[in-house]
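A short write-up of the structure that comes next.
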2 protein chains.
Amino acid sequence: MVTLAEVAQHAGVSASTVSYVLSGKRSISAGTRQRVEQSIRELGYHPNAGARALAGKRSNIIALMIPLRTDLYVPVMMEIAIAVATTARTHGYDVLLLTGEEGPDAVRRVTGSGLADAMILMDVELEDERLPLLRGTDQPSVLIGLPADTDGLTCVDLDWSATGALCVEHLAGLGHRDIAVIGEAPAVYERHTGFAERTLDGLRSAARETGVRLLHRPCEGGYDAMALTLARVFDERPATTGFVVQNESAVEPLLALLRQQGRAVPEDVSVVAICPDQVAVQASVRLTSVAIPAQEMGRRAVERLVAKLEGRGGDEVVLLAPGLTRRASSGPAPAAS
Amino acid sequence: MVTLAEVAQHAGVSASTVSYVLSGKRSISAGTRQRVEQSIRELGYHPNAGARALAGKRSNIIALMIPLRTDLYVPVMMEIAIAVATTARTHGYDVLLLTGEEGPDAVRRVTGSGLADAMILMDVELEDERLPLLRGTDQPSVLIGLPADTDGLTCVDLDWSATGALCVEHLAGLGHRDIAVIGEAPAVYERHTGFAERTLDGLRSAARETGVRLLHRPCEGGYDAMALTLARVFDERPATTGFVVQNESAVEPLLALLRQQGRAVPEDVSVVAICPDQVAVQASVRLTSVAIPAQEMGRRAVERLVAKLEGRGGDEVVLLAPGLTRRASSGPAPAAS
DNA sequence: ATAGGCTGTCGAAGCGCTTCGACAGCGCAT
DNA sequence: ATGCGCTGTCGAAGCGCTTCGACAGCCTAT
């Protein structure tokens with residue numbers, strides 16, 4: 001393994017000079033710089049990460065804590081993770097992957113050991129047990145998701161409340177008066193995951209304002225669960241003509257069931273999904289949807305974090321504005337029969 | 001930040017003693033050990049990762065290189081990544097997340113800087129450009145996937161050839177004589193991803209042995225692409241009664257289309273999928289499937305890697321035996337009309 | 001009683017880097 | 001011609017840990 005000292009010797013300068021060439025923290029004459037850079041290339045030098053972290057007091061690593069559960073929004077999580085990794089690299093950081101499994105201990109371990117300079121937390125619950133630790137340390141962090149109390153925290157999230165409202169407004173504008181919401185699995189609500197509850201708030205208040213009747217039913221993914229839920233919905237509200245689907249894995253089952261029951265989309269029933277665009281366009285009916293901007297969430301989280309690491313900017317809550325794309329699954333409400 | 005020296009002082013011993021308590025590399029009297037452990041707890045000490053890496057010449061980090069593409073097998077990738085992270089933790093390692101984006105450079109960077117002690121590569125192509133680097137370094141690595149030449153490499157993968165064979169044998173055993181294979185997207189074959197080609201080999205040789213006619217068609221995910229592919233299949237081979245689907249995101253569209261065309265599953269047409277079990281049971285017809293054991297692949301990869309890091313065991317190719325689970329989507333071939 | 005071997009602990013060196021203060025050499029203003 | 005401030009480079013200290021050799025004290029075999 002090539003060391004700084006070897007590079008220095010090869011270039012005929014001192015170790016500190018090489019270090020300054022690398023960091024740019026002091027001015028170096030053009031000639032020296034070139035000689036050093038040449039030596040670095042010739043020897044294939046890579047600075048040793050451990051030594052760097054020890055001497056420089058920063059590891060250039062960002063920890064990313066992803067949920068252990070694979071039941072929820074897998075493609076979204078994956079996309080966020082990849083966006084985080086890619087964006088981090090463009091800022092010179094690597095990403096350490098932590099699973100939610102260790103919980104608060106992972107936070108303690110990482111901050112305590114200097115393994116990472118900062119962390120990004122996903123799947124934040126309203127009263128997350130990791131939050132007190134984050135508030136109690138001076139290590140920068142960013143949450144993807146919004147807890148109940150954002151005081152002293154930096155958060156990046158889709159504006160779920162506005163997302164919910166957008167869905168209802170779209171359907172209401174098309175004349176639908178009875179709307180059913182196919183929600184996330186019950187476990188998601190029990191866990192008090194912020195986005196689910198906020199979406200519901202948005203849906204409800206928009207329903208109130210537009211005078212629409214709203215029926216919300218949590219639903220596991222999959223065909224059987226959806227069949228059961230759908231039967232109950234039409235049982236309770238036979239006049240339902242609009243659906244808002246939040247659970248990605250309930251979308252295709254819903255469409256299949258509606259087709260099977262002879263309800264045409266969008267002639268008889270309109271469907272709006274909250275899901276990544278890719279899912280919306282690949283479905284059996286091209287779905288009117290509000291996109292979950294996973295990539296942007298990951299990117300923005302890293303950018304906020306890097307800003308904090310560089311001393312720019314403090315705590316802030318970034319809420320991304322939702323956008324609805326109209327596709328083939330929504331249309332005017334059928335004339336009342 | 002608490003240091004080793006502070007712990008030592010607090011416990012009334014020397015720094016090296018504390019170090020030996022932590023590492024267990026020399027015997028320590030019970031009394032001393034207890035006093036040291038007590039001090040560690042009281043002070044909330046966490047060893048500094050950088051210093052440890054520098055002095056100990058190992059970072060206790062495993063690098064995991066995942067594909068940048070989000071078009072392929074996302075849930076499988078995610079599940080593997082999580083299994084890797086979890087298993088690594090049980091062996092005392094953390095996981096660094098690299099995206100394929102940097103390609104071979106990432107390998108150089110990580111091995112050169114001592115950032116990670118070892119690496120796991122996913123999405124390995126038959127002639128992967130990262131392989132020469134791996135062969136040329138003494139840093140241990142494990143591939144998830146099988147390149148053309150496995151000499152000097154350790155690989156973990158599902159036995160895709162046997163997987164393909166299993167699918168055909170199952171359908172042939174049920175009396176199907178004409179089988180269509182809905183493959184991965186064309187891009188996957190063009191990239192020469194090993195698993196796709198190997199599966200095809202397995203399918204073909206089993207078809208030869210069982211005297212079954214096989215039609216293979218690559219297919220993008222989504223409803224529209226599937227519709228096109230399906231039309232072509234029945235056009236070319238009207239007598240097709242069996243389907244093997246490798247592309248996860250083509251499964252549900254296929255089922256919907258068959259239903260729409262009045263072909264009952266499994267009475268008229270049988271479907272076997274190659275996908276994670278979760279997908280198979282959540283589909284609109286519970287699918288007969290060969291599972292992709294994502295978790296086990298991740299776990300096994302880490303275990304091989306840790307073995308190599310500890311000097312146990314050398315290169316080895318681990319092929320996991322596939323298992324077919326019969327569910328509701330396959331049945332006897334209909335009597336020839 | 002004495003030599004030899006353990007066991008448990010310590011001090012010091014060193015891992016490869018960053019960074020601070022020092023200073024040589026230069027050009028400029030006086 | 002002298003002094004001053006720059007610019008570019010260097011040497012040394014130190015980051016927090018691991019590990020090696022040394023050695024004190026004790027037990028066992030002679």
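In what follows, chains carry the letters A, B, and so on, assigned in the order in which the sequence lines appear, proteins first and then strands, with residues in each chain numbered from 1.
A donor-acceptor contact shorter than 3.5 Å links the side chain of Ser113(A) to the backbone of Leu115(A). Asp117(B) places no side-chain N or O within donor-acceptor distance of the main-chain N or O of Arg58(B), the cut-off being under 3.5 Å.
Look at CG on Leu54(B): it is 12 Å from P on dG16(D), rounded to the nearest Å. Note: CG (Leu43(B)) to P (dG16(D)) measures 15 Å, nearest angstrom. In this structure, Asn48(A) places its CG atom 15 Å from C1' of dT18(D), rounding to the nearest Å. The CE-P distance, from Met1(B) to dG16(D), rounds to 8 Å in whole Å. Atom C1' of nucleotide dC17(D) and atom NZ of Lys57(A) are separated by 13 Å, given to the nearest angstrom. The separation between Arg52(A) atom CZ and dC17(D) atom C1' is 20 Å, rounded to whole Å. Regarding Arg58(A), its CZ atom lies at a distance of 23 Å from the P atom of dG16(C), rounded to whole Å.
At the phosphate of dT19(D), OP1 or OP2 sits under 4.0 Å from a side-chain N or O atom of Lys25(B). Taking only side-chain nitrogens and oxygens, Ser29(A) never comes nearer than 4.0 Å to OP1 or OP2 of dT7(D).
Residue Leu146(A) forms a side chain to side chain contact (heavy atoms under 4.5 Å, CB included) with just one option from Leu158(A), Leu153(A), Asp159(A), Val317(A), and that option is Val317(A).
Listed by chain and number, the residues in a side-chain hydrogen bond (donor to acceptor under 3.5 Å, both in side chains) with Thr87(B) amount to none (sequence neighbours excluded). By the side-chain contact (heavy atoms from CB on, under 4.5 Å) test, Arg33(A) is found to be paired with Ile28(A), Glu37(A), residues two or more places apart in sequence or in another chain being considered. The salt bridge (charged side-chain N to carboxylate O under 4.0 Å, His left out) search around Glu125(A) returns none, not counting sequence neighbours. Residues that satisfy the salt bridge (charged side-chain N to carboxylate O under 4.0 Å, His left out) test with Arg130(A), not counting sequence neighbours, are Asp128(A).
Near DNA chain D, meaning a heavy atom under 4.0 Å from it, residues 4-22 of chain B has Leu4(B), Ser16(B), Ser19(B), Tyr20(B) in order of number.
In this structure, the separation between CE on Met119(A) and CG on Leu96(A) is 9.0 Å, given to the nearest 0.5 Å.
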Between the protein and nucleotides 22-27 of chain C, list the N/O to N/O atom pairs that are separated by less than 3.5 angstrom.
unit_1: dA22(C); atom_1: N6; unit_2: Arg26(A); atom_2: NH1; d: 3.4

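For the pair Arg135(B) and Asp149(B), the salt-bridge criterion is met [side-chain N within less than 4.0 Å of a carboxylate O].
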